[in-house]
K.L.:
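Let me begin by handing over the structure; questions about it come next.
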Amino acid sequence: MLDNNKKIEVSAEQLEVIESALHTQSKILNVQAEAGGDAARRRLNEVKRLLAQLSQHKPAAQDQRCSRGGLGWFRAARSVE
């Protein structure tokens, strides 16, 4: 298999938008997979793997809360979901 990896620069804010979109996509795919969609199940697994990779490369949660000021409590509550 060819190595098609490319590196791009993404800001922290852009990464948050991407992660949020992937969480939304994960919810949609989960509903489709529960309805018996094999393709949706495969895609859901891909999205979950990507989300796991993103979470490994994110800065510590404490750093994010401090850098966001007043939104730290909202992010902490959102991460509990």
K.L.:
For the residue pair Asp38 and Arg42, establish whether any side-chain heavy-atom pair is separated by less than 4.5 Å.
P.N.:
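The answer is yes; the side chains approach within 4.5 Å.
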K.L.:
Search all heavy atoms of Gln14 against all heavy atoms of Glu9 and return the closest pair with its distance.
P.N.:
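Nearest heavy atoms, Gln14 then Glu9: OE1-O, 4.4 Å.
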K.L.:
Taking all non-hydrogen atoms of both residues, which atom of Ala40 and which atom of Ala33 are closest, and how far apart?
P.N.:
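That closest heavy-atom pairing would be CB-N, 3.8 Å.
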K.L.:
Going through the checks in order, is the side chain to side chain contact (heavy atoms under 4.5 Å, CB included) test met by Asn30 and Glu34?
P.N.:
CA-CA 6 Å; Asn30 191 46; Glu34 286 178 358; 3.4 Å; yes
K.L.:
Among Ile, Leu, Val, Met, Phe, Trp and Tyr joined by side-chain contacts under 4.5 Å, find the other residues sharing a cluster with Ile18 and list them by chain and number.
P.N.:
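Besides Ile18, the cluster holds Ile8, Val10, Leu15, Leu22, Leu29, Leu44, Val47, Leu50, Leu51, Leu54.
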K.L.:
Give me each pair satisfying side chain to side chain donor-acceptor pair (under 3.5 Å) with a member in residues 45-56, each pair once, sequence neighbours excluded.
P.N.:
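Residue pairs passing side chain to side chain donor-acceptor pair (under 3.5 Å), neighbours aside: Arg43-Glu46.
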